[in-house]
There are 2 protein chains.
Amino acid sequence: MPEDSLGVPPGTLIMLVLRVLQHGPLHGYAIAQRIHALSADVLQIEEGSLYPALQKILLKGWAEGEWGVSETNRKVRFYQLTPAGRKHLATKVADYDRVTEAIQSILRPARS
Amino acid sequence: MPEDSLGVPPGTLIMLVLRVLQHGPLHGYAIAQRIHALSADVLQIEEGSLYPALQKILLKGWAEGEWGVSETNRKVRFYQLTPAGRKHLATKVADYDRVTEAIQSILRPARS
DNA sequence: AGCTATACCTAGTTAAGCTATGCTTTTCAA
DNA sequence: TTGAAAAGCATAGCTTAACTAGGTATAGCT
């Protein structure tokens with residue numbers, strides 16, 4: 001793993017993958033690049049984390065996979081969000097926000 | 001685990017424990033209560049998570065433990081932050097903030 | 001021809017919180 | 001006064017989820 005990039009916190013990977021799929025289908029490799037770029041190079045998804053996560057996403061029906069050809073002319077699998085995936089994403093983001101706010105209230109309580 | 005309380009995200013427990021020790025020594029049971037209360041009852045630390053974490057904190061020298069008697073007249077172990085613990089906490093909070101901001105930039109990018 | 005980047009996949013490891021369980025002591029109600 | 005509940009500490013084993021390390025293949029460039 002690169003010097004100053006970090007792995008995603010356990011429990012957030014699938015949420016992040018579904019989130020970047022929200023504005024259109026992407027193939028696996030591109031998903032990792034998108035997350036890396038959107039996070040200003042802070043987050044790094046290893047392939048050994050990504051592909052098992054994508055398998056789980058297909059299995060759960062949160063996205064559908066379709067083989068195609070990439071812009072760089074390679075055989076790739078495109079993932080497209082399903083309604084169930086959209087719903088799951090919304091739930092996960094809500095949970096994440098709730099916990100994140102709770103942690104903030106411990107790290108930075110209103111009354112010092 | 002109670003209905004609407006959640007466990008802490010993996011990787012944050014020790015940070016939270018050290019944080020609540022920052023304003024003075026506490027015993028284990030009280031640490032869990034403090035985290036629960038400060039988070040508005042959102043976060044719940046199970047005892048099977050707490051005590052192993054406290055062992056690790058002692059082992060790493062982030063806090064010192066001292067047996068004493070609680071306000072409710074029970075034999076308890078008080079944990080007091082060390083300078084190393086303070087330093088570790090600062091590092092962990094900085095890392096946490098960095099990752100949290102990165103995740104936010106994926107969940108809520110500047111340009112929609 | 002060979003190197004690099006792109007692209008997918010899986011087996012086995014590791015980290016960390018949780019479940020379940022066990023123990024002791026104090027307090028309070030029946 | 002005895003029994004249950006709460007306070008308090010602790011550990012063994014389970015589970016989840018990401019990672020390391022390996023493998024395969026193709027496109028494009030030198």
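What you see below is based on every heavy atom in this structure, not just the backbone, and it leaves out hydrogens, waters and symmetry mates. Letters go in sequence order (proteins before strands), and every chain restarts at 1.
In this structure, B:I14 atom CD1 and C:dC18 atom P are separated by 13 Å, rounded to whole Å. At whole-Å resolution of the value, CD1 in A:I45 and P in D:dA17 are 15 Å apart. Between the CD atom of B:E46 and the C1' atom of D:dA12 there is a distance of 17 Å, given to the nearest Å. Between B:R34 atom CZ and D:dG8 atom C1' the separation is 17 Å, expressed in whole Å.
Of the possible donor and acceptor atoms, one in the side chain of A:S39 sits under 3.5 Å from a partner among the backbone N and O of A:I35. Without hydrogens or angle criteria, B:S5 side chain to B:L43 main chain gives no donor-acceptor distance under 3.5 Å.
A:K56 places a side-chain heavy atom less than 4.5 Å from the side chain of A:I14. For the pair A:Q44 and A:L6, the minimum side-chain heavy-atom distance is 4.5 Å or more. For the pair A:F78 and A:L21, the minimum side-chain heavy-atom distance is 4.5 Å or more.
Looking at residues 92-108 of chain B, you'll see that no heavy atom sits under 4.0 Å from any atom of DNA chain D.
Screening residues 60-79 of chain A for salt bridge (charged side-chain N to carboxylate O under 4.0 Å, His left out) gives no qualifying pairs among residues at least two apart or on separate chains.
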Contact letters for nucleotides 5-16 of chain C, in which S counts primed atoms plus P, OP1 and OP2 and B counts the base, heavy atoms under 4.0 Å: BBBBBB-----S

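Taking CD1 from B:I57 and CD from B:Q55, the interatomic distance works out to 10.0 Å, rounded to the nearest 0.5 Å.
Across all their heavy atoms, A:L54 and A:I31 have their closest contact at CD2-CD1, 4.0 Å.
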